[in-house]
Amino acid sequence: MSMPGEVSGVKTEPMLSVRELSVSFIQYARGLKQQLLEVINGLSIELYPGEVVAVVGSSGSGKSLLAHAVLGILPGNAIVSGDMQFGGEILTSKRQSTLRGTEIAFVPQSVNYLDPLMKVGAQVKAAVKQGSKREVQQKIFKRYHLDKNVENLYPFQLSGGMARRILVAGALVGNARLVIADEPTPGLHPAVVKETLHHLRELSDEGRAVMLITHDIKAALEYADRIAVFYAGTTLETANVADFSGDGSDLRHPYSKALWKALPQNDFVSLPGFQPASGELPQGCLFAPRCHMFKDLCKEKRPKERSLRGGKVRCHYAT
Amino acid sequence: MSKSGISYLAAGSKEVRLFKGMNLRTKTLISIGLTVVLLMLIIAGNFTLSADNISTNFEIKNQPPSAVNLFGTDWLGRDMFTRTVKGLNISLAVGMIASFVSAVIALVLGISAATLGKRVDGLVTWLIDLFLGVPHLVIIILIAFAMGGGIRGVIVGVAVTHWPSLARVIRAEVMQLRSADYIQVAQKLGKSRWWIATKHLLPHLAPQFFIGLILLFPHAILHEAGISFLGFGLSPETPAIGIILSESMRYLSTGMWWLAFFPGLALLVMVRSFDILGSNLLLLFDPHRARE
Amino acid sequence: MPLKALEVGFHYYNGPWVVSNFSFMINPGQIIGLYGPSGSGKSTIARLLAGFEKPRAGQVLLDGKPMPVKGNNPVQLVLQHPEKAVNPRWQLEQTIYEGWRPNAEIMDSFGISNKWLKRWPNELSSGELQRFCVIRALGPETRYLIADEMTTMLDAVTQAQIWEAVLRIAARRNLGLIVVSHEMSLLNRFCHEIVNLDSYDRSGLVYN
């Protein structure tokens, strides 16, 4: 497998680069006092044209918020800092709103993103940017096993599974250079799951970049090039897919190894304890309280991200 | 933060400049406090202002606003400020009784529609559509007329016309709650219907009910004033705002602008206060916005 | 006291049959997996067995008798989405005590932090909430636990942690477990027997 960023031997620029991203929410502590709650801290990730990067991690680790930050659709009480670039240029909130739905496509997790007052066929057609809108829409409906008469239905007339397929179809039918899919497949029939993931792979093979946010490592392994492992609001490791194999010794971070070993098809062993909540993050390494390699330094200093064996890791002692 | 970095309040944050620098919860509490003070003042005025101010006194008739008669006097020499405050109190009382009755109707019908089966639901939904489809004023006039005018007719008229929108909200809320996973789990944990109603349902419905009640107020008050103005409501001797306004109309052309201006403005301010109170409470109770 | 489903069928009001002619039996201490892709009706079967829905045909029997309608049900169901299964206006302490008062050992085995008890549901992740839902269902009167895609939305580490605790308690109390999942590798891990719903004839059913 070639290194990220190398397409036919030529180093290309990343399509999306996120550096040291932090997201905080202003919240009420008690009464009228407000406090800042940091939910994403020091997060870095890069996506190159032609690759699928899977973002995996436990619920509450900030996966969806990363997507929302890139798209600029965080709620009003969010404060964002850090560096985000798309196509080499800084992503300002103005650029985000012009890129959203054109250059950057989003498959949201919630079916509430469909317009309740518009027929779904028209919604998908509106997303088509090239060719005959009608033809393209009909083609993608067929691809996602949606009957012809579905185009004349309103979102409330759809089953959950159908609504999800419409969301996927609507997002993937356009001409976006970057596709961000936030848990696109839960609750779908296996054939549709396969079709969706296959379609994402196809889009990246055409030179686009795809960010696949999922809790399903198995799907990530099958369709992604690289996997970013999220924990408590940051990436602990970015690894190549091939590193997730055997006993997991090619992986760099102890948490990634634990995640791999915990799969039912592997050892099905867990870790004691729990992911620290935002607002109660340890001062040092975020994983230190559950780590078997834990040393004093881990308690004092939060490790910076460093390159290791063709991937990235955030650990003082990983080798 | 690096120079090239971005830092901004994400999309969707529209700040009201009036209370710059305060958070939503503080702003909400302040506006609630202000409206409550205003309403207390109106009620206190009713008891402190002497009834002598509104007895006929031809020596001071047709006076424009002054330090003694803040809102001026009318063609019989009655103090318009006192009349306005007493009028507002009547409106307040009528509005309170009517909207409370209305809210209770909404609660009962909403809950029955959601829990007593398809037939009751059909009937209630039909009633809701019926009452929403016909202009309120027409029904209120009919009822007030049928009951021979007077305060009773107005209250009944306003009460039976204002429940549909709240009933619809409560019906939807109860329906949603009934099928909620955690309610079904509670049933299987052996909790009684009563227990589920008081511990699970009520805490969800109570804020909806109270906010609905407060938001009904301005409507009830305006409709009361409206039909009194048209002459179908309270009798001419009661100093209601609607009556004051309709009497004043005859004197407007003679240049006595204060007769209608101040009572009208006072009515507007009071109605708007309730509106602000209700919408602010709504914000405070909305779990999605309460955090901002 | 075995839990039995006899030729059970179900459809929603005016809808097509979602489950038809389904028979099943489980004894205390047994762990049976129900495998099927989404849309195969396995969630409906879970709800029927737990008494959340009444069968339109056939019957569900516990110890030879129809399921009790009132009182603490010996058959408890844990659902896929914990955030919907807890009252958003309750602190988690209240939620867990709605079922029973578990001791510290049980709380520990699920990796529950004491601080979480005073939290509101929107302050915890679904992995954390699901631990509360599982414990709530494991009261002293529970004989059968039905887990409907209980750990599908969770990461592998949390999944393994929850199952470790559940399996230990089930073994100690001789509970029957019905594990509903679309993931064969999970079912293979600890089920004594696996019922494959895909092999049932369900012609006429379409994609969900």
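Protein chains get the first letters and strands the later ones, always in sequence-line order, with residue 1 at the start of each. All values below were derived from every heavy atom in this structure, side-chain atoms included, with hydrogens, water molecules and symmetry-related copies excluded. Please read all numbers here as calculations on a predicted model, not as lab measurements.
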| query | Where on C/Met184 is there a heavy atom nearer than 4.5 Å to chain A: the side chain, the backbone, both, or neither? | reply | neither

| Top residue by heavy-atom pair count (under 4.5 Å) with chain C, among A/Gly273, A/Ala277, A/Ser270, A/Ala262? | A/Ser270

| query | With a 4.5 angstrom heavy-atom cut-off, which part of A/Lys218 approaches chain C: side chain, backbone, both or neither? | reply | side chain

| Flag side-chain contact, heavy atom, 4.5 Å: A/Phe268 against C/Leu186 | yes

| remark: Filtered by a 4.5 Å non-hydrogen cutoff, the part of residues 158-177 of chain C contacting chain A is C/Gln159, C/Ala160, C/Gln161, C/Trp163, C/Glu164

| remark: Whatever's closer than 4.5 Å to a heavy atom in chain C on A/Asp216 counts as neither

| For A/Leu263, does its backbone N or O pair with a side-chain atom of C/Arg189 as donor and acceptor, under 3.5 Å? | no

| field | Trace of the side-chain contact (heavy atoms from CB on, under 4.5 Å) decision for A/Arg290 with C/Val157 | value | CA-CA 12 Å; A/Arg290 300 172 84 177; C/Val157 172; 3.6 Å; yes

| said: Quick check on A/Gln265: does its CD atom have over 12 non-hydrogen neighbours (other residues, nucleotides or ligands) under 6.0 Å away? | reply: yes

| Most heavy-atom pairs under 4.5 angstrom with chain A, which of C/Thr152, C/Leu124, C/Asn188? | C/Thr152

| query | Do A/His215 side-chain atoms and C/Ala156 backbone N/O form a donor-acceptor pair below 3.5 Å? | reply | no

| task | May I ask you to check whether over 12 heavy atoms, not counting those of C/Asn114, lie within 6.0 Å of atom CG? | result | no

| query | Counting only heavy atoms not in C/His11, do more than 12 sit closer than 6.0 Å to its NE2 atom? | reply | yes

| query | What part of A/Glu280 gets closer than 4.5 Å to chain C, counting heavy atoms only: side chain, backbone, both or neither? | reply | side chain

| said: Does any backbone or side-chain atom of C/Phe110 lie under 4.5 Å from a heavy atom of chain A? Answer side chain, backbone, both or neither. | reply: neither

